[in-house]
Amino acid sequence: MPELPETETIARDLHAAIVGARIVAAQVLRPDVVRGVTAAGCARRLHRRTLQRVWRRAKSVVLSCDDALHAVVTPRFTGALILGAPDVADAYACIRLTLADDRELRYTDVRRLGTFAVFDSAALHAWSDALGPEPLDPAFTAERLSECLRGTKRAVKAVLMDQKRLAGVGNIYANESLWRAGIRPARRAASLTRHECAMLHHELTGVLREAIAARGTSFRDYRDAFGARGSYAAQLQAYGRGGQPCTRCGRVLKISHAIDGRATVWCAGCQR
DNA sequence: AGGGGAACCCGTACGC
DNA sequence: TGCGTACGGGTTCCCC
């Protein structure tokens with residue numbers, strides 16, 4: 001379940017490792033992960049391109065080639081972008097990009113709920129424009145967060161995870177930031193005070209930065225571009241700790257699926 | 001506007 | 001050992 005810190009880790013590593021690399025062969029083995037073009041179109045368009053920039057938007061890794069061609073990779077639960085020697089034994093390989101130096105960039109995904117979209121510049125902008133602001137953008141202030149939370153009756157946790165309102169935050173970091181800020185996940189987003197918005201902004205950006213520093217959370221499936229795990233799971237205070245004592249006040253953490261049907265963990269003792 | 005449910009996937013866990 | 005079934009989890013889409 002790669003969210004912002006995990007996809008950021010993948011994008012940074014890949015950018016450092018493959019900018020300038022030329023794709024000499026593109027093979028689509030699992031057409032059902034392809035979006036935006038047909039499987040044949042995906043292979044044809046990526047063939048003979050050179051990778052110019054690898055970056056992140058929301059929970060997706062963007063491989064930008066020359067001629068304004070972009071592959072937007074969204075790993076969801078079990079997807080991974082793996083860079084290394086060609087691995088013909090990978091039964092879950094969906095797309096293989098062979099690079100001129102004989103390395104392979106492979107999109108592999110056991111459950112195939114992840115997607116590999118190929119966009120031109122116009123489609124890329126249309127996709128990006130439909131997403132909310134990036135929480136780690138310097139322009140994303142507490143006031144901007146307050147605007148994201150305004151004008152809705154929904155629970156604050158559901159709004160944090162709404163990609164149209166705020167990009168890149170999923171279940172793990174929504175739970176963590178609300179625990180850190182001492183705010184109950186079920187609170188109406190619009191009910192947060194100015195002070196609470198400032199607290200939440202501080203904790204949300206803080207947890208995302210710390211998770212990037214730890215190379216992400218490998219709770220179950222997440223692997224980076226070299227197949228390694230991230231280490232932030234050891235620092236989680238809420239996510240995955242339902243039924244265990246709160247590390248701040250000692251009360252047993254609650255767990256429920258009442259918000260958007262997803263696991264929400266919180267402390268009834270110190271989250272208000 | 002927003003809540004509910006289905007669909008998309010298949011490995012894992014569990015019941016019998 | 002093996003077979004059948006429930007489950008998970010973000011997003012999209014459809015219905016209410």
Side-chain angles (χ1 to χ4, degrees), chain A residues 1-8 10 28-36 38-39 56-62 72-81 89-95 107-117 119 123-124 126-132 134-135 147-178 185-191 204 208 211 216-223 227 229-230 232-233 236 238-243 255-265:
Chain A
M1 36 199 138
E3 303 177 28
L4 186 156
E6 294 75 32
T7 41
E8 179 71 23
I10 295 167
V28 177
L29 299 106
R30 297 287 189 169
D32 58 1
V33 305
V34 175
R35 299 291 187 279
T38 63
R56 179 195 61 75
R57 173 81 169 111
K59 305 175 189 174
S60 300
V61 177
V62 185
V72 176
V73 185
T74 311
R76 297 271 163 74
F77 310 106
T78 54
L81 268 172
D90 181 354
Y92 305 112
C94 299
I95 293 172
Y107 180 64
T108 184
D109 193 341
V110 172
R111 294 191 194 170
R112 300 205 305 281
L113 284 175
T115 56
F116 190 109
F119 291 151
L124 181 80
W127 166 73
S128 183
D129 288 350
L131 296 167
E134 285 290 335
E147 289 166 16
C148 293
L149 302 178
R150 226 170 270 165
T152 175
K153 294 178 177 177
R154 301 168 70 198
V156 59
K157 178 176 176 248
V159 178
L160 288 179
M161 293 172 63
D162 183 343
Q163 302 300 297
K164 293 183 210 62
R165 289 202 173 238
L166 183 63
V169 179
N171 204 25
I172 294 177
Y173 301 106
N175 276 304
E176 291 300 297
S177 59
L178 289 165
R187 282 270 301 280
R188 282 189 179 193
S191 78
L204 176 64
L208 293 173
T217 300
S218 291
F219 198 79
R220 294 183 64 177
D221 302 300
Y222 167 67
R223 295 296 183 275
R229 299 168 64 91
Y232 196 74
L236 294 174
Y239 184 85
R241 295 196 69 249
I255 181 163
S256 114
H257 288 77
I259 303 172
D260 281 2
R262 302 195 186 98
T264 297
V265 179

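For the numbers below, each heavy atom of this structure counts, side chains included, while hydrogens, waters and symmetry mates do not. Each chain gets a letter, A, B and so on, in the order its sequence line appears, and its residues count up from 1.
Where DNA chain C meets chain A (any atom under 4.0 Å from a heavy atom), the bounding nucleotides read 5' to 3' are C/dG8 to C/dT11. Note that the first and last nucleotides of DNA chain B, 5' to 3', having any atom under 4.0 angstrom from a heavy atom of chain A are B/dG2 to B/dG11.
In this structure, A/Asp32 reaches the sugar-phosphate backbone alone: every heavy-atom distance under 4.0 Å involves primed, P, OP1 or OP2 atoms, never a base. Contacts of A/Thr152 with the nucleic acid, taken as non-hydrogen atoms under 4.0 Å apart, involve only primed sugar atoms and P, OP1 or OP2. A/Tyr92 comes within 4.0 angstrom of the backbone, heavy atoms only, and of no base. Backbone-only engagement by A/Asn171 is indicated by non-hydrogen atom pairs under 4.0 Å involving sugar-phosphate atoms exclusively.
Of the residues A/Thr115, A/Val61, A/Leu113, A/Val33, the one that meets the side chain to side chain contact (heavy atoms under 4.5 Å, CB included) test with A/Thr74 is A/Thr115. Shown are A/Glu176, A/Lys157, A/Arg262; of these, the side chain to side chain donor-acceptor pair (under 3.5 Å) with A/Asn171 is made only by A/Lys157.
Heavy atoms from other residues, nucleotides or ligands lying under 6.0 Å from CZ of A/Arg150 number more than 12.
Using cut-offs of 30° and 60° for the angle between ring planes, the A/Tyr232 and A/Tyr173 rings count as tilted.
Salt bridge A/Asp221/A/Arg111: absent, no basic N to carboxylate O contact under 4.0 Å.
Residues passing the ring-ring contact (aromatic ring centres under 6.0 Å, His included) test with A/Tyr92: none are found, sequence neighbours excluded. With sequence neighbours excluded, the residues forming a side chain to side chain donor-acceptor pair (under 3.5 Å) with A/Glu134 are A/Arg56, A/Arg57, listed by chain and number. Annotation: side chain to side chain donor-acceptor pair (under 3.5 Å) contacts of A/Ser191 (sequence neighbours excluded): A/Arg187.
Counting only heavy atoms from C-beta outward, the side chains of A/Val34 and A/Ile95 approach each other to under 4.5 Å. Side-chain contact between A/Asp162 and A/Arg154: present, with at least one pair of heavy atoms (C-beta onward) separated by less than 4.5 Å.
Between A/Arg111 and A/Ala258, the residue anchored nearer the 5' end of DNA chain B, judged by the nucleotide with its closest heavy atom, is A/Ala258.
End-to-end axis angle for the helix from B/dG2-C/dC16 to B/dC16-C/dG2, using five pairs per end and rounding to 10°, comes out at 50°.
Of all heavy-atom pairs between A/Glu6 and A/Thr217, the closest is OE2-N, 2.7 Å.
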